[in-house]
Structure formats: structure tokens, C-alpha cells
Amino acid sequence: MSETTDLQLALIQSDLAWHDPEANRAHFDTQLQQAAGADLVILPEMFSTGFSMQSAELAEPEDGPTSRWLSEQAQRIGAVITGSLIIQAADGSYRNRLLWARPDGSLAHYDKRHLFRMAGEHEHYAPGERQEVFEVKGWRVRPLICYDLRFPVWSRDPQGTDLLLYTANWPGARRLHWNRLLPARAIENLCYVAAVNRIGVDGKSHPYSGDSQVLDFQGDSLLDAHDKPGVFHQRLDGAALAAYRERFPAYQDADPFEFR
């Protein structure tokens with residue numbers, strides 16, 4: 001990351017239409033118009049359907065309508081757009097897959113590693129095998145999905161991440177955990193954290209409290225959407241991040257580890 005480069009984020013906190021990709025795409029068409037000027041736009045987890053275990057019925061192919069729509073929107077507004085949806089991978093498995101749609105029309109992805117067994121997610125989806133780091137404007141961004149937040153080893157940074165990103169359907173019943181774990185991830189990784197959660201009530205009557213937010217490298221709040229719908233903008237200061245890491249280089253004493 002260049003020390004002089006800032007990054008402009010747009011977080012879209014919204015209710016989701018249950019099992020209705022067409023309605024959700026139409027809704028986010030309007031929301032994305034308000035994200036103009038951002039470098040990176042973040043949507044919730046499973047933004048086209050809500051958090052559903054009906055993977056076989058709802059999965060789209062890798063080149064399906066929502067993937068194509070996301071790519072088109074990224075080109076239209078000139079920003080990276082990211083969020084997860086239900087995908088049937090080329091090997092036939094179902095994935096809770098975060099897509100990283102670039103303004104040049106290309107797509108990359110991260111598959112959710114930790115599947116929420118309390119909802120049976122591990123019975124309907126295959127887990128991801130690896131971390132991913134994507135670049136935007138020279139910033140190294142590592143995306144993770146919802147339940148991944150609870151696992152500090154997987155969230156731990158061995159790669160110089162500048163921004164740790166979480167997209168989620170995190171229920172209101174556990175909002176205290178969300179609001180405590182996010183600052184911890186920022187502090188331990190010496191990086192910014194951006195997290196987007198949904199609001200509203202899903203098709204299984206689970207309420208969501210939102211609390212989409214951006215935190216700096218000391219875990220201090222830069223933005224908190226609380227339970228309001230909308231598009232929330234936040235600029236990240238590259239020089240401030242570089243200066244903090246220079247004067248407090250705790251990463252130099254981190255324990256080495258490998259994933260198996």
C-alpha cells in the first residue's frame with residue numbers, strides 16, 4: 001500500500017427479500033447509485049437471497065445472473081463491489097461465495113471457510129480451502145464471511161493485510177459478540193476493519209440488528225450504521241495506518257504458523 005493513498009469505502013446496510021434474487025438485484029441497483037465515488041462497495045452476506053440453507057434450490061452457476069449483474073454494476077460505477085451469494089461451483093459443490101467484482105469486468109472469489117453448524121450450514125455447503133487477498137488502489141484487502149469472525153487463527157494476518165473485510169448475516173441475538181470481536185480483529189492485525197451486516201427479519205423470523213461499521217487499527221470506531229438502512233461512506237487514511245505500524249510494529253513478534 002502506498003502511504004499517500006487513501007481508500008474510499010461504501011457500506012450498504014439493507015433488509016433482504018427472502019429467496020428473491022431478482023427483487024434484491026433491483027433493490028441494490030438503486031442503492032449502488034448512491035455509492036458513486038467509492039473505490040470499494042460492500043454488500044451483505046447472501047445478499048441475493050438472505051441466509052438460506054436451501055442451497056440446491058437457490059444456487060446459481062458461476063456465470064449465473066447475479067454474478068453477471070455484479071460485474072456489470074462494478075463496471076457501471078467504476079468501483080470494486082463485493083458480497084456473498086449461493087453458488088454451485090464447477091465441481092458441483094454448493095458454496096457461500098464472496099465475489100470480488102472489479103471495474104474491468106473480472107471476477108475473483110473467496111469461499112466461506114467456517115460454516116455455521118448451529119443453522120446446519122455445514123450440511124448444505126462445502127467449506128473454503130484458503131484465504132484470499134485482493135488488491136484495490138494498492139491496498140491489500142482480505143475478505144471473510146460472517147462466522148469466520150469467531151476464529152482468530154483464520155482471521156490472523158500473515159500477509160500484511162491493510163483492510164480486513166467481513167460481510168455477514170449476523171443475528172441480533174448475538175450482536176454483543178459482533179461488536180466485541182470486530183475491534184479485537186482490528187487490534188490484533190494492526191489493520192482497518194470494515195464489516196457489513198443486514199437489517200430486518202428473514203424468512204425464518206430471525207431479526208438482524210445491522211451494526212455495520214468501520215474500525216481503525218486501534219479498534220476505534222470510524223463509522224457505525226447502527227440499525228439504519230442506507231449507504232454509508234468512509235475514507236481510510238493510508239498514511240495514518242503506515243505511521244501506526246511504524247511506531248508500534250507488534251507484527252514483527254507474531255508467531256509463525258501454517259494452515260493445513
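Counting from 1, the numbers follow the sequence of the chain as shown.
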Would you find a donor on one side and an acceptor on the other, under 3.5 Å apart, between the side chain of R180 and the backbone of R175? no

With heavy-atom distances below 4.5 Å as the criterion, would you say the side chains of L43 and T82 are in contact? no

Euclidean distance, S209 OG relative to L176 CG, rounded to 0.5 Å: 10.5 Å

For D216 and A186, the nearest pair of non-hydrogen atoms, with its separation, is O-CB, 3.3 Å

Would the distance check show the side chain of E121 and the main-chain N or O of F116 forming a donor-acceptor pair, the cut-off being under 3.5 Å? yes

Rounded to the nearest 0.5 Å, the SG atom of C191 sits from the CG atom of L164 at a distance of 5.0 Å

Whether the side chain of Y192 engages the backbone of D237 through a donor-acceptor N/O pair (distance < 3.5 Å, no angle test) should be reported. yes

Given side chains that start at C-beta, do those of H122 and P127 come closer than 4.5 Å, heavy atoms only? no

Could you walk me through whether I77 and V41 pass side-chain contact (heavy atoms from CB on, under 4.5 Å), step by step? CA-CA 10 Å; I77 69 171; V41 183; 3.9 Å; yes

So with a 6.0 Å cut-off around CD of E246, is the heavy-atom count from everything else above 12? no

One should read off an interatomic distance between H124 NE2 and M53 CE, to the nearest 0.5 angstrom, of 7.0 Å

Tell me whether T167 contacts the main-chain N or O of P44 through its side chain, where contact means a donor paired with an acceptor under 3.5 Å. yes

Would you check, one step at a time, whether the test side-chain contact (heavy atoms from CB on, under 4.5 Å) holds for R174 with R150? CA-CA 12 Å; R174 289 179 289 279; R150 289 186 178 272; 3.5 Å; yes

Any side-chain heavy atom of S155 within less than 4.5 Å of one from Y166? yes

Are there over 12 heavy-atom neighbours, none belonging to Y251, within less than 6.0 Å of that residue's OH? yes

Determine yes or no for a side-chain-to-main-chain donor-acceptor pair under 3.5 angstrom, with N24 supplying the side chain and A17 the backbone. yes

Indicate, with yes or no, if V136 and L236 share a hydrophobic cluster defined by side-chain heavy-atom contacts under 4.5 Å among Ile, Leu, Val, Met, Phe, Trp and Tyr. yes

Is D15 salt-bridged to R198, cutoff N-O under 4.0 Å? yes

Per the salt bridge (Lys or Arg N to Asp or Glu O under 4.0 Å) rule, which among R113, R95, K112 passes with E129? R95

Output the distance between atom CG (D211) and atom CH2 (W170), rounded to the nearest 0.5 Å. 11.5 Å

Under a 3.5 Å threshold, yes or no: a donor from one side chain and an acceptor from the other, between W139 and D39? no

Taking all atoms of both residues into account, what is the closest heavy-atom pair of G105 and S71, and its distance? O-OG, 3.0 Å

Check whether F232 and L40 end up in the same hydrophobic cluster, where Ile, Leu, Val, Met, Phe, Trp and Tyr are linked by side-chain heavy atoms less than 4.5 Å apart. yes

Verify whether one side chain among E60 and T66 offers a donor that lies under 3.5 Å from an acceptor in the other. yes

Could you see if L144 belongs to whatever hydrophobic cluster contains L181? Use Ile, Leu, Val, Met, Phe, Trp, Tyr and a side-chain cutoff under 4.5 Å. yes

With the 4.5 Å side-chain cut-off for hydrophobic clustering, are V201 and F51 part of the same group? no

Member of N197, N169, D202 meeting the side-chain hydrogen bond (donor to acceptor under 3.5 Å, both in side chains) criterion with Y208: D202

Under 4.5 Å between any side-chain heavy atoms of L9 and H233, yes or no? no

Any V214 side-chain heavy atom under 4.5 Å of V193 side chain: no

Closest non-hydrogen atom pair, Q131 against W154: NE2-O, 2.6 Å

Are S84 and N96 close enough that a side-chain donor and a side-chain acceptor fall under 3.5 Å? yes

May I ask you to test the R117-E123 pair for a side-chain heavy-atom distance under 4.5 Å? no

Between F217 and Y244, is the gap from one ring center to the other below 6.0 Å? yes

Do you know the tightest heavy-atom contact between R102 and V80? CA-CG2, 4.3 Å

Check step by step if side-chain contact (heavy atoms from CB on, under 4.5 Å) holds for W100 and I81. CA-CA 6 Å; W100 184 265; I81 307 175; over 6 Å; no

Between the main-chain N or O of Q54 and the side-chain N or O of S52, is there a donor-acceptor pair closer than 3.5 Å? yes

Looking only at heavy atoms, which two atoms of A59 and I87 are closest? And how far apart? CB-C, 4.1 Å

If you look at every heavy atom in E62 and A90, which pair is closest and at what distance? OE2-N, 3.2 Å

Should we say atom CD of E22 is surrounded by more than 12 heavy atoms from elsewhere, each under 6.0 Å from it? no

May I have the step-by-step check of side-chain contact (heavy atoms from CB on, under 4.5 Å) for L165 and I42, ending in yes or no? CA-CA 9 Å; L165 182 157; I42 311 166; 3.7 Å; yes

Between the side chains of Q13 and D227, is a donor N or O closer than 3.5 angstrom to an acceptor N or O? no

Salt bridge or not for E135 and R142, using N-O below 4.0 Å? no

Flag side-chain contact, heavy atom, 4.5 Å: Y125 against I86: yes

Between OG on residue S212 and NZ on residue K228, distance to nearest 0.5 Å: 13.5 Å

Can you tell me how far the CG atom of D148 sits from the SG atom of C146, to the nearest 0.5 Å? 8.5 Å

Treat each ILVMFWY residue as a node, draw an edge where side-chain heavy atoms are under 4.5 Å apart, and state whether L222 and L215 are in one component. yes

Determine the interplanar angle of the F28 and F47 rings, folded into 0 to 90°, and report it as parallel if under 30°, tilted if 30 to 60°, perpendicular if over 60°. perpendicular

Less than 4.0 angstrom from a charged side-chain N to a carboxylate O is my criterion; do R245 and D162 meet it? yes

Under 3.5 Å, is there a donor-acceptor pair linking the side chains of Q75 and D104? no

May I ask you to say whether D111 pairs ionically with R97, meaning some side-chain N is under 4.0 Å from a carboxylate O? yes

Can you tell if the side chain of H109 reaches within under 4.5 Å of the side chain of L98, non-hydrogen atoms only? no

Parallel, tilted or perpendicular for Y147 and H114, by the 30°/60° rule? perpendicular

